[in-house]
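Source: prediction; values computed, not measured. In what follows, every chain begins at residue 1, and chains take the letters A, B, ... in the order their sequences are listed.
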Amino acid sequence: MTVQSVLSATDKLDLLRMMVLIRTFEEAILREYHADKSPGFDIGAGLVPGEMHLAAGQEPVAAGIGAHLSLGDAMTATHRPHHLAIAHGVDMRKMAAEIFGRETGLGRGRGGHMHLFDPKVHFSCSGIVAEGLPPALGQAFAFQRAGTDRVAVAVAGEGAANQGAFHEALNLAALWKLPVIFVIEDNDWGISVPRSASTSVPSNAVRAAAYGIPGTRVEDNAVEDIWAAVGEAVRRARAGEGPSLIEVHTLRLWGHFEGDAQGYRGDLEGVPGRDPIPTYQKHLTDAGILDGAAFTEMGAAASTKVEDAIAFAKSSPLPDPADALKYVFTEGAQS
Amino acid sequence: MTVQSVLSATDKLDLLRMMVLIRTFEEAILREYHADKSPGFDIGAGLVPGEMHLAAGQEPVAAGIGAHLSLGDAMTATHRPHHLAIAHGVDMRKMAAEIFGRETGLGRGRGGHMHLFDPKVHFSCSGIVAEGLPPALGQAFAFQRAGTDRVAVAVAGEGAANQGAFHEALNLAALWKLPVIFVIEDNDWGISVPRSASTSVPSNAVRAAAYGIPGTRVEDNAVEDIWAAVGEAVRRARAGEGPSLIEVHTLRLWGHFEGDAQGYRGDLEGVPGRDPIPTYQKHLTDAGILDGAAFTEMGAAASTKVEDAIAFAKSSPLPDPADALKYVFTEGAQS
Amino acid sequence: MSTAPTTQIQLPLEPEAGRRKLSTAKAITEAITQQMHIDEKVFVMGEDVGPYGGIFSSTTGLLDEFGPERVIDTPISETAFIGLGIGAAVEGMRPVVELMFVDFFGVCMDQIYNHMAKIHYESGGNVRVPMVLMSAAGGGYSDGAQHSQCLWGTFAHLPGMKVVVPSNPYDAKGLMTAAIRSDDPVIYLFHKGIMGLGWMKKNPRSIGAVPTDAYEVPIGKARVAREGTDVSIVTLSLSVHHSLDVAEKLASEGIDVEVIDLRSVVPLDREAIVASVGKTGRLVVVDEDYQSFGLSGEVIATVAEALPGGLKHVSRVAVPDVPIPYASGLEYAVLPTPARIEAAVRKAVAG
Amino acid sequence: MSTAPTTQIQLPLEPEAGRRKLSTAKAITEAITQQMHIDEKVFVMGEDVGPYGGIFSSTTGLLDEFGPERVIDTPISETAFIGLGIGAAVEGMRPVVELMFVDFFGVCMDQIYNHMAKIHYESGGNVRVPMVLMSAAGGGYSDGAQHSQCLWGTFAHLPGMKVVVPSNPYDAKGLMTAAIRSDDPVIYLFHKGIMGLGWMKKNPRSIGAVPTDAYEVPIGKARVAREGTDVSIVTLSLSVHHSLDVAEKLASEGIDVEVIDLRSVVPLDREAIVASVGKTGRLVVVDEDYQSFGLSGEVIATVAEALPGGLKHVSRVAVPDVPIPYASGLEYAVLPTPARIEAAVRKAVAG
Ligand SMILES: Cc1ncc(C[n+]2csc(CCOP(=O)(O)OP(=O)(O)O)c2C)c(N)n1
Ligand SMILES: Cc1ncc(C[n+]2csc(CCOP(=O)(O)OP(=O)(O)O)c2C)c(N)n1
Ligand SMILES: [Mg+2]
Ligand SMILES: [Mg+2]
């Protein structure tokens, strides 16, 4: 495993390409989610029912992490998992199918959008705030005991960093020098509660000192800085030097979940201008790496891939209600 | 409430007196506990059955805290609560009666040694590691909302500082500037697990920075240093400046619980010499504050008080088994 | 600490409903509002209870009325803030704490069952914990295995806390009033599907007549929601409405169904259950909680103990011990739907 | 991640016990030792499982045999280390994790019931969590309300985990072997009073014959501990022995008691229960867990559903919904003692 510390032009374009792919996916889910919920929004109606937490604005985090991971590495995500799943290489068709509740989905429609499990790439998520962190320790433990240099990345929101599980997981990972990278996505909000009303310190990076591990905060949702910070943390973990904590100041571009009117949100007006994709597009354009045609091409490729996944999902069979009790236990799984 | 920053000779003698009282109590319980468990130790037998966690060696912590608190202040303790209860002014007769499971006990024999509640002095404890901390926040909250300068002291062991509840409680207390003083008794051990195998940092004082509050570590079980550190934290809390975290390097002189053979414990040989009571006695003697007669007198007064409490307990009636279901709900409490 | 019972003005029990209609969510907030006006020791705390007004609208408007000192948003630290509620209650305050979804009990259960529920007993009655822990329950809108559970059986199994579960606005207000005024800890579980939310499919009975003044629905008393002679459905929460719908439908075929709305799980109104089944001889328990080792078994056991030889039929319609599936077709295959209830009733009267 | 079933050598089921005797604690460690030798993916983790050997001796000697890489003391961070177990199991390891007292479930229940138990279902069967969570249960030695509970009903109510509860050394070894080899998460609860500890009052049957070789006691199969015709006692764990003692005593008076040792709570061997009660017509459930909304109700419901009109007597001897009191006299007033069991059986045959 070579460790790279400078981004080539191709790497930079790859970061943007990943961000565009993620946004394209989230926009497609947004469209599909709302397509059949009117008149009068009904959360349980339509082809994609249930709570829907989209990650538009948080693409830089996913792209910056994903660039460092291989197929053998693990990732655990939260209730807002799509961007991370895509960047980690989760099968997009199966993921879309799961979101549409189909038998071809990652969890045969049993899990849903907050419960995506792709064992091929060691991807999991959890709908319980911060409780996705501890299992990542176990994946890292298994990798460590097997003598590999594989790592686990555990992602949580800034709201989650005030849960007990966060503290326990960081202490144990630090104590056993587990190859885990903890990434906190600080998008300023835990539903309607601003960071200032949930967290007693301005940066979670300082909490790393409570475990004797390195802590970094990346400002401005800057994808290249995220890439660099994660790169160093992954290097450390692979080298057996133990866990790191990285907090990224990112952006929740949309509501907490779809249907959230965000009446509480004073920062909403300014948000569109803070969108990281046009920002990074401009950055690469100014640097002469990207032109308009290439960017259009990125979007088109992303659309093709995403629409293929959506089409696959929509054309897949629904699970048979008669099979609702299958998969509680492994015996039940043998059909 | 005046804040005092220098110990007078009388204050110092009071600290020692409290330490002697506590030790006398713990020795009496030790004696009573083992009196009728042989032949062949049976944990459930005798007048004082059940697990018994004694605090010999940890007296300086209790004395150093107790000196700063008034009747209106609250304290929450752990599974090892006697020293703290005594220093906080819990009724010793009722406490002994509770340990003996009598109807005259603090909890009418329902609670037992890990569950001592004395509402008169706002004292509680819990047998679940670290879970005594959150309720202390609520007591502090009530005091704060009532516009008083009363404070709550929440005590836990160094093992407990790796529990999620520790983290959540510190963050919330810091965020809401609650008048709480968190005291960690670092006695090197969590049952058989040494601190080095449980805690990723050498001092829990550094964890205070994770919440933006002051953190101090007091070394050597030094009662005057504990007194000073707690005094400053209490002053802050009463002044509305919020919580503090104090870790004391103290000493578990005996086993984790009675019956613990301590085969795992390499530091056992050195322990007796580290006993804080002879150490402080010598300190005060060297300083010319104490003479042998005064120390003997302290011991005698303590014995009188403790033996009175034990005698009260032993002569008190047992609860009526027919009343076992009383006190589940408040209606049931009206007899 | 709170050692003496507080003196409270006696409120009417279950007065006439009157004509004014409210949603269940509004009935809950009205009860909280009235108690907050009467008693300054009452406060509300939880995630998103402030400007958001509660994810399921259980606290909407309270912040505007009482300000941030008494309606308090918390960090996502359930152990800390539920523990804070306990300590405040011990000192004589009367907290109403919201756990956003009951499914999250696993991160804070120690405070709930080892502390909130046991301190009164462990203290020999010397310390009281007058606290309400309210939480949203139930599925039916594809929220998956970690956001769709009922779990009342889990709380009911553990001693020291009362557990109430309203099915309609009238009971929701009266039970909340009783819960806040109770000197015991009370778990108050509202099903999302009866709140009358604009953005979720709701039962038409989610909006109903509610008296304006404060009143109590007594904790521990079931209600005969419909009288009948052929078979007793014992149920609670949203399932009451499905059961009533089925009863209406079958009435036209001459099947006369009695529906008992438990309203409280702890204390369980065993008398009402036994009286009904003693009359009909047939029992169908309908419960959206998991089937085994929970409420449905307890109801059947209660009847079997009281009437060992006198039962013509016993069965239950519950979630068959499976995590709640995401896909709608799967979820509705495991929920206690009207179709499943109807089939059970038909079987009961046939057998 | 662990996606394919591991191929395992078939072990004998319930072989002859032989003559060698072990305590329950030693039987458990022997099962773990044997599986650790056969399968390098098995490891043990928990508080004080290393040099101390487990507070209730469930891991004594393992550290010496397997070293600190496979027998691992943890910080007091149950959420973190149980979660770690889950992640390791997901990656194909087979952790045996000890939660020191089952009473502590409240600090880590989310990992247990929302993760360990649900991942397999949520993943549509694609991810397995082959993990054993073992824990000490039970009272009788004045350890108070937070250290004396059984709580198997709490786990059993929530889907996705198996729950086993041995009553003797033979079953303890066979069930632990089966649990470690199971591809499902298994909760393994041992009562402190059957471990055969030198420092606690123990039932004489805490030491019993155990085969030397590895074998499985199948999960989900009850055992007829004593055949009888007059009344069925359905029970588990330490209460099996109290029930057998009562049965012996009453045999001399011509009362013929059948005792069913459930051994597994999930899956519950409903067939065995119904077969026994179908024969005797009288059921007494004896359970050291809280009475309501738990195992005892489920057993009665099972019988009432299967034999609605065919019951001559139904009752239960359990802990009557009260926190476990500290004082010995109070504690023994609420535990299912032989005296209470005897009274219940006498009433059953009289009625
Ligand atoms: C233990 C727990 N408490 C509360 C919730 C409800 N909840 C879901 S997401 C969320 C906010 C999370 O905030 P953050 O961690 O910052 O993540 P973000 O949504 O901003 O990505 C809350 C409170 C939950 N799922 N789990
Ligand atoms: C949540 C929880 N886990 C485990 C235990 C068992 N236990 C009781 S005391 C103890 C050790 C506590 O160590 P520490 O906090 O350092 O306190 P000390 O005993 O040294 O005073 C443990 C593990 C418990 N009571 N609660
Ligand atoms: Mg956030
Ligand atoms: Mg310690």
Do you know which of [options] has the most heavy-atom pairs with chain D at a distance under 4.5 angstrom?
| options | value |
| --- | --- |
| C:S315, C:A306, C:G297 | C:G297 |
| C:A156, C:C108, C:G310 | C:A156 |
| C:T302, C:I112, C:D289, C:T79 | C:D289 |

Residue [X] versus chain C: region with a heavy atom under 4.5 Å:
| X | value |
| --- | --- |
| D:Y290 | both |
| D:T154 | both |
| D:Q146 | both |
| D:L268 | side chain |
| D:V266 | side chain |
| D:Q111 | neither |

Give a yes or no on whether the ring-centroid distance for D:F105 and C:Y113 is below 6.0 angstrom.
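Ring centres of C:Y113 and D:F105 closer than 6.0 Å.
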Over all atoms of both residues, closest heavy-atom pair of [X] and [Y]:
| X | Y | value |
| --- | --- | --- |
| C:A301 | D:I300 | CA-CG2, 3.6 Å |
| C:Y121 | D:P325 | OH-CG, 3.3 Å |
| D:F293 | C:L295 | CE2-CD1, 3.5 Å |

With a 3.5 Å distance limit and no angle check, can you tell me whether [X] reaches the backbone of [Y] through a side-chain donor-acceptor pair?
| X | Y | result |
| --- | --- | --- |
| C:H157 | D:S292 | yes |
| C:K118 | D:P323 | no |
| C:N114 | D:D103 | yes |

Which residue out of D:A145, D:A304, D:G153 racks up the most heavy-atom pairs below 4.5 Å with chain C?
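Of D:A145, D:A304, D:G153, D:A145 has the most heavy-atom pairs under 4.5 Å with chain C.
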Would you mind telling me which of D:V303, D:V322, D:D321, D:V285 has the largest number of heavy-atom pairs within less than 4.5 Å of chain C?
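Winner by heavy-atom pair count: D:V322.
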Part of C:E122 lying under 4.5 Å from any heavy atom of chain D:
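It is the side chain, since no backbone atom gets that close.
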Side-chain touch C:L151/D:L158, heavy atoms, less than 4.5 angstrom:
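They are in contact (side-chain heavy atoms under 4.5 Å apart), so the answer is yes.
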Student check: side-chain heavy atoms of C:D110 and D:F104 closer than 4.5 Å
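Heavy-atom side-chain distance check fails, nothing below 4.5 Å.
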Residues C:R316, D:E298: salt bridge by 4.0 Å N-O rule
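Salt bridge between C:R316 and D:E298, a charged N being under 4.0 Å from a carboxylate O: yes.
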